[in-house]
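All heavy atoms count here, side chains included; hydrogens, waters and symmetry mates do not. Here the structure is a predicted model, which is why all the values come from computation and not from measurement.
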Amino acid sequence: MPRLLVKKKEEILAEYFVKKSKTKIFIGSRKGNDIVIYDKNISERHCTIIYENNQYILKDQNTMMGTQINSHSITEATLNFGDEIYIGSHKILFLDDALNKGEDVIPQYYLIGIYGKFYGKKYFLKSDGDTFIGRENISPRGIENDVVLLGDMTVSKGHAKISATQGKYTITDIGSTGGIAVNGVKLGQLNSTRLSLKDEISIGRTIFRVVDYFSQDYSLPAKQKIFVLSLFKFISIVVTLLVLAFSAYFIYSGYSSYSLLTHSNSKVNMSLNVDWNKEIPMKADISKYDITATPLIADFDNDGKNDVAMLSNAGFLYVWNGAKGDIMWKPVEISNNGIASLVAADVNIDGYTDIVAVADFSLIYVIDGQTGNIIRREVLGGIVETTPVVCDLNDDKKPDIVVVSDDGAVHFLYAPGFDNSYSKFTEFIDGPIYASPVVLSRKDFSPFVVIANYDSKLYFIDGKSRTKKTVNLLDATGKAHLIAGAPAIGDVTGDGIEEIIVQSNVPQYVSAIDTSDFSVKWTYFVEPVPPSDLKFNSSPVVADFNGDGKNDVAIVSANGSVQILKGNTSYPSGELLWKMSIPEARRIISSPSVYDFDKDGIPELVFGTEDGKIIVAKSSVKRKELEILSYIKASNLAITSSPLIADINGDSLIEILYTNVQDSIQVVNTNVRTIKNLKIWPMFLANPQHTSSFSENSIKMKYIEELCIGISVLLLFLFIKIRKSLKKAQKRVKVVYL
C-alpha cells in the first residue's frame, strides 16, 4: 500500500495510505480533492496521481506554478517510491508501505513530539545527509533549517543537526544556548551522539522521540529522567485509581442500598427478640395508664451502630448498646411523669448525638449521649407533660429547643448547647396544652412552632421573632377540637404547601388546616366516639397510602379502629378511604409509625394495642380496605408507646422496638431486609421537629443520589480522559486512508 507524506520543509502535515483499488488521487487546494493542501501557490485541481498498468503516473493539470518530481518540472511522469512531489511550498513524499520490511533496506527515522510545545508534530529525518533544527527558517550561519520550532525562545536559531549515513543517525549540538539532552543526558555544545529507535531528545520546551517508518508511539517520556514527569505519571495513576475506587464505592453503595430498600417481601414475618427485653424499675401503680414516653434510637458513641435510650417513669434515663443490650453509662436521675418522650439531636454540634429530656418541676435536661454528662439543666416553670422540639429557629446554625408547659408557657431556648450565645424567652398562649409542639419549616420564611391547645386553638409562633398567629377551629368549623396529641405536618392537597393535621380527643375530629391562608380544608368526624378516660390521644401521620402520588392521613383511635382519610378531597366533611376495626385489640393508645415493609411502594402503619399486639396494617388499593399484613402477640400488657422502626442490632433486618405499661422495652424481629443500622422511625413522631410525615422516597433518594454521584464522577472522568485524548489526537499528524 503506497504512502504519501505531505510535508512543509521536513514537517509532516498529513499521511495518506493509498489502496490498490484507488486508481486516481486528486491533489489541489479546493475541497473535494483527495489531498487538500491550502497554499496560494497551489491550484484548485493541481495534479493527479493515476494508477494503471501496475504503475503510478503523476500528471500536472496545466497549472501556472507547475509540478515537480525531485526538483524537475514535469507534465506527466512515472512515480517511483522515494520520489518527492513539489507543489507550491509543500512536498509530497511517495513511499512504499513495505519500505522497512526487507533486511537490506536503509531504515527511515522520524522525530515525533511526545511532550511540550510541539507535542504531536512529526518530522521526516533525511536518510542521507543532514536534517537541521532551529527556531527560524535560516540559522545565523545562513543554513536553512529543515525542522523549524517557531516561537520557542529556548530554541536557538541554529540548534542541532541530525546526520544520516548508511542508515546510522547521529545528533550534534551545533552551538545551541539551551543545549540538547538525549535520554536525560546533556550532550554539550558541538558534541555528537548516536541515535537509536525510541531515543528521547529534549530540545527547548519539547521532548521528541525517534521512531521508525511504522511507529506512532506518543506515550509520555520514559527516558528523560525528569522527576516531575515521573511524578506526573505516578499521580495520574493514583488519581485514576482513586476516581475509579470512589466511583465504584458510590455505585456499589447506592445500588446495593437501593436494592435492599426495594427488596420485595412477599410475606412479613415477626418474632420476639428474646435477647432484647429490658425490665426497668417503674412506679408501682399501673391500674390506670395512658400514653407513655416513646424510647429513642440513635448512635450515641459514633461507632456506626444504633443504641437505645429510655426515660422510665421511676425517674431514670438509661442508654443501652443496640447490638448487645449492654448499658452504656450510669443511669441519670431525671424525675419525670413518664409521658414526655426523649428527643435526639446534636445540641452542641460536637459531632455526637445528645438527648433532650423534660422532667418534673419544670426542668429540661440536655444530656451528652456519649458520656451521660449533663450539658444543660434549666428550670422553666409550669408542669411539662409534652415532648420538646429541637430545630434551628433563628437561622444561626445552632439548634434551639422549644418546651411547652400545660398552662400555656412556651419556653424558647436558643443555642442551649453554647454558654456564650445561650438565651431564653417565654411566651404565653391559652392553656391547657396536652399536645407536643411541632415545627413547620419552609424556604420562604423562618420556622414556625405550631402548638395546639385543648380549647380548639392552633398557634403559629415565628421561631425568630416569636410573633403569633392564632387559628380558632371552633370558629372555623363550628366543632370543638379538644386537642391532646401533637399535630402532623404534610402536603395533603398537592399544592407544594404543607398542611397542619390535628386530631382531637373526645369527640374525635380530624381537621386539615392550609398554612398558606390558615383556612380549614376539611374536618372529619371519627366514629364511634372513643372512651373518655384517656387524657392524651394519638397523633395522625401523613403519607401516600393509596399510591396516587398525593399524601393521605392515617389515624388510630382509642375506639379500636384504624382509618385512612383522603388528603386531597373536595368534601368539607373529609373523605374516608378505608377503615379497619380491631375489637379484640380494645384500645389503640399511642401514635403509629410508618414503613413500607413489603416494598410495594405503599407504606404500612405499625402500632401497638391494648391487648399487647404489634400490628402491621396494609392499605389494599385493589380491595379498597385496610388489612393486617402481619401481627404478633408482643406483650402480656398494654403497649403504650409509639413503635420505633430501625435495624437496632446491625443485622441488616428491620426491628420494631416498643414499651408496655410497665416500661419494659421489647423488640420484635422481622424478615424485612434493610441497610445496616438504618434508622427509619427512631423517635417520637420520627424526628426532632415532630413533623411526623413519612416518605420512603426521601430515604431511597439518598442512595439514588449516591448511585448517580458514582456514575456521574465515572462518566465525567471518562469524558475528561477521552476529551484529553481527543485533543492530543487532534495535535498529531492526520492519517487518512484513500
Locate the shortest heavy-atom distance separating [X] from [Y]; write the atom from each residue and the value.
X	Y	value
W681	P592	CZ2-O, 3.9 Å
I654	I680	CD1-CD1, 3.1 Å
S641	P295	OG-CD, 4.0 Å
D217	R209	O-NH1, 2.8 Å
A340	A293	O-CB, 3.3 Å
S692	N687	N-ND2, 4.4 Å

Any Lys/Arg nitrogen of [X] or [Y] sitting under 4.0 Å from an Asp/Glu carboxylate oxygen of the other?
X	Y	answer
D299	K305	no
K397	D395	yes
K550	D544	no
K223	E200	no

Using only atom types and a distance under 3.5 Å, with no angle test, would you say the side chain of [X] pairs donor to acceptor with the backbone of [Y]?
X	Y	result
D491	G496	yes
Q503	V556	yes
S436	T387	yes
S591	S539	yes

Just distance, no hydrogens or angles: give the donor-acceptor pairs under 3.5 Å from side chains in residues 343-353, sequence neighbours left out.
from, atom 1, to, atom 2, distance (Å)
D346, OD1, I349, N, 3.0
D346, OD1, D350, N, 3.2
D346, OD2, D350, N, 3.2
D346, OD2, G351, N, 2.9
D350, OD1, Y352, N, 3.0

Check for me whether [X] meets the cation-pi criterion with [Y], that is, NZ or CZ under 6.0 Å from the six-membered ring centre and within 45 degrees of the ring axis.
X	Y	value
K278	W276	yes
R376	Y365	no
K398	Y414	no

Return yes when atom [atom1] of [X] has more than 12 non-hydrogen atoms of other residues, nucleotides or ligands closer than 6.0 Å, and no otherwise.
X	atom1	answer
Y422	OH	yes
K676	NZ	no
K618	NZ	yes
F418	CZ	yes
Y249	OH	no
K624	NZ	no

Distance-only criterion, 3.5 Å: show the donor-acceptor pairs between side-chain atoms of residues 705-730 and protein atoms not counting sequence neighbours.
from, atom 1, to, atom 2, distance (Å)
E706, OE1, S253, OG, 2.5
S712, OG, C708, O, 2.6
S725, OG, K721, O, 2.9

Open item on the list: Is a donor from one side chain sitting under 3.5 angstrom from an acceptor on the other, for E279 and S664?
Closed with: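 Yes, side-chain donor-acceptor contact under 3.5 Å.
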Task: Residues E499 and T493: side-chain donor-acceptor under 3.5 angstrom - done: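 Yes.
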- [ ] Check the pair D368 / N373 against side-chain hydrogen bond (donor to acceptor under 3.5 Å, both in side chains), numbers first and verdict last.
- [x] CA-CA 5 Å; D368 189 311; N373 295 328; 5.7 Å; no
TODO: Specify whether F246 and F250 have parallel, tilted or perpendicular ring planes, treating 30° as the upper limit for parallel and 60° as the lower limit for perpendicular.
DONE: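 Tilted: the ring planes of F246 and F250 meet at 30° to 60°.
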TODO: Describe, in one word, how the ring planes of Y595 and F597 are oriented to each other, choosing from parallel (under 30°), tilted (30 to 60°) and perpendicular (over 60°).
DONE: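 Rings of Y595 and F597: perpendicular, as their planes differ by over 60°.
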Solution key, residues 322-331 side-chain donor-acceptor pairs under 3.5 Å, sequence neighbours excluded:
from, atom 1, to, atom 2, distance (Å)
W329, NE1, G369, O, 2.9

